[in-house]
Asker: 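I'd like to ask you about the structure that follows.
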Amino acid sequence: MKLQELLQCVKECLQTLYGDRFKGLILYGSEAIDKAQPDSDIDLLCLLEGPISIYKEIRATTDATYPLQLEHLDRMLHIMPVDAAKFNSGAIGFYRIVQREGKPI
């Protein structure tokens, strides 16, 4: 499966999991800036309507995407759930970097 197909499958899983709370998915990190190596993680920001419980959301996103991860053991999915409003405010430097370099899926 090509990267774009995998990303679309991840997005569909998260949309199913979160419904109206799901506000978007952004590819960031080495893959987004075309510097990924064959063993690089696939870094994704999952934008959710908040508030969020980071541990609960990490568990939920991991469980929802686990079958996809099993199919692609050569590349690890790293999905970070964040409050969409906080992300959009750009209050944290990391969010501003992702806003600048990330690629919406």
Side-chain angles (χ1 to χ4, degrees):
M1 183 181 292
K2 294 183 181 182
L3 179 62
Q4 284 305 106
E5 293 171 11
L6 174 61
L7 295 176
Q8 190 59 42
C9 288
V10 170
K11 183 177 181 178
E12 290 169 9
C13 284
L14 297 175
Q15 285 173 321
T16 299
L17 174 66
Y18 288 112
D20 291 341
R21 283 191 67 210
F22 182 76
K23 301 301 178 191
L25 188 65
I26 301 174
L27 177 68
Y28 72 96
S30 62
E31 195 66 61
I33 60 172
D34 298 321
K35 294 193 177 190
Q37 300 296 315
D39 61 345
S40 294
D41 289 359
I42 299 170
D43 298 306
L44 298 163
L45 218 61
C46 176
L47 303 177
L48 299 173
E49 183 177 311
I52 66 167
S53 168
I54 192 71
Y55 299 109
K56 177 182 168 190
E57 307 305 351
I58 287 174
R59 168 74 115 175
T61 59
T62 300
D63 289 348
T65 59
Y66 187 69
L68 290 171
Q69 186 65 66
L70 287 178
E71 291 177 29
H72 303 280
L73 291 174
D74 56 327
R75 304 284 305 273
M76 293 298 297
L77 293 172
H78 175 249
I79 303 171
M80 182 184 300
V82 300
D83 183 305
K86 290 180 181 179
F87 173 77
N88 290 331
S89 76
I92 299 173
F94 170 68
Y95 292 167
R96 291 191 298 273
I97 292 169
V98 174
Q99 288 169 346
R100 186 174 58 246
E101 297 177 355
K103 296 179 180 177
I105 304 304

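Position 1 is the first residue of the sequence, and the numbers go up from there.
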Asker: Does OH in Tyr66 sit with more than 12 non-hydrogen atoms of other residues, nucleotides or ligands closer than 6.0 Å?
Answerer: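 For Tyr66, atom OH is not crowded (no more than 12 foreign heavy atoms under 6.0 Å).
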Asker: Do you see a donor-acceptor pair shorter than 3.5 Å between the side chains of Tyr18 and Glu49?
Answerer: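 There is no such pair (donor and acceptor under 3.5 Å, judged by atom type) between the side chains of Tyr18 and Glu49.
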Asker: Whether the side chain of Lys103 engages the backbone of Ala32 through a donor-acceptor N/O pair (distance < 3.5 Å, no angle test) should be reported.
Answerer: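 Yes, because the side chain of Lys103 sits within donor-acceptor range (under 3.5 Å) of the backbone of Ala32.
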Asker: Could you measure the distance from the CG atom of Leu14 to the CD1 atom of Ile79? Nearest 0.5 Å is fine.
Answerer: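 Reported to 0.5 Å precision, the distance equals 5.0 Å.
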Asker: Which heavy-atom pair separates Thr61 from Thr65 by the least distance, and what is that distance?
Answerer: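 Answer, listing the atom of Thr61 first, then Thr65: O-OG1, 2.8 Å.
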Asker: To the nearest 0.5 Å, what is the distance between NZ (Lys11) and SG (Cys46)?
Answerer: 11.0 Å
Asker: Does atom NZ of Lys86 have more than 12 heavy-atom neighbours, drawn from other residues, nucleotides or ligands, at distances under 6.0 Å?
Answerer: no
Asker: Rounded to the nearest 0.5 Å, how far does CD1 of Ile52 lie from CD1 of Ile58?
Answerer: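 Rounded to the nearest 0.5 Å, the CD1-CD1 separation comes to 8.0 Å.
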Asker: Find out whether Leu68 and Val10 are in side-chain contact, i.e. whether some heavy atom of one side chain is under 4.5 Å from a heavy atom of the other.
Answerer: yes
Asker: When you check the gap from the basic side-chain N to the acidic O, do Glu101 and Arg96 get nearer than 4.0 Å?
Answerer: no
Asker: To the nearest 0.5 Å, what is the distance between CG (Leu44) and CD1 (Ile105)?
Answerer: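 The CG atom of Leu44 sits 6.5 Å away from the CD1 atom of Ile105.
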Asker: Are any of the side-chain heavy atoms of Phe87 and Val98 separated by less than 4.5 Å?
Answerer: yes
Asker: Taking the side chain as every heavy atom from C-beta outward, state whether Ile42 and Leu6 have any pair of such atoms under 4.5 Å apart.
Answerer: yes
Asker: Examine the side chains of His78 and Asp43 and answer whether a donor and an acceptor come within less than 3.5 Å of each other.
Answerer: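 There is such a pair between these side chains.
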Asker: With side-chain contact (heavy atoms from CB on, under 4.5 Å) as the test, would you mind laying out the steps for Arg21 and Glu57 before giving the verdict?
Answerer: CA-CA 12 Å; Arg21 283 191 67 210; Glu57 307 305 351; 3.3 Å; yes
Asker: With side chains defined as the heavy atoms from C-beta onward, is the minimum distance between Asp83 and Leu47 less than 4.5 Å?
Answerer: no
Asker: Can a donor-acceptor pair be found, under 3.5 Å and without considering hydrogens, that links the side chain of Gln69 to the backbone of Leu77?
Answerer: yes
Asker: Between Met80 and Phe94, does a side-chain contact (heavy atoms from CB on, under 4.5 Å) hold up when you go through it step by step?
Answerer: CA-CA 12 Å; Met80 182 184 300; Phe94 170 68; 3.9 Å; yes
Asker: How close do Asp41 and Ser30 get, counting heavy atoms only, and between which atoms?
Answerer: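 Scanning both residues completely, I find the closest heavy atoms to be O-OG, 4.4 Å.
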Asker: Does atom CG (Asp20) have a neighbourhood of more than 12 heavy atoms from anything else shown, all under 6.0 Å?
Answerer: no
Asker: Does some side-chain heavy atom of Leu25 sit less than 4.5 Å from a side-chain heavy atom of Leu45?
Answerer: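 A side-chain contact is absent here, since even the closest heavy-atom pair is not under 4.5 Å.
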Asker: Could you give the distance from SG (Cys9) to CD (Gln4), rounded to the nearest 0.5 Å?
Answerer: 11.5 Å
Asker: Go through the steps for Tyr95 and Val82 under the test side-chain contact (heavy atoms from CB on, under 4.5 Å), then give the verdict.
Answerer: CA-CA 10 Å; Tyr95 292 167; Val82 300; 3.6 Å; yes
Asker: Any chance you could lay out the side-chain contact (heavy atoms from CB on, under 4.5 Å) test for Asn88 and Lys23, step after step, and finish with the verdict?
Answerer: CA-CA 11 Å; Asn88 290 331; Lys23 301 301 178 191; over 6 Å; no
Asker: For Arg75 and Ser40, indicate whether the former's side chain and the latter's backbone hold a donor-acceptor pair under 3.5 Å.
Answerer: yes
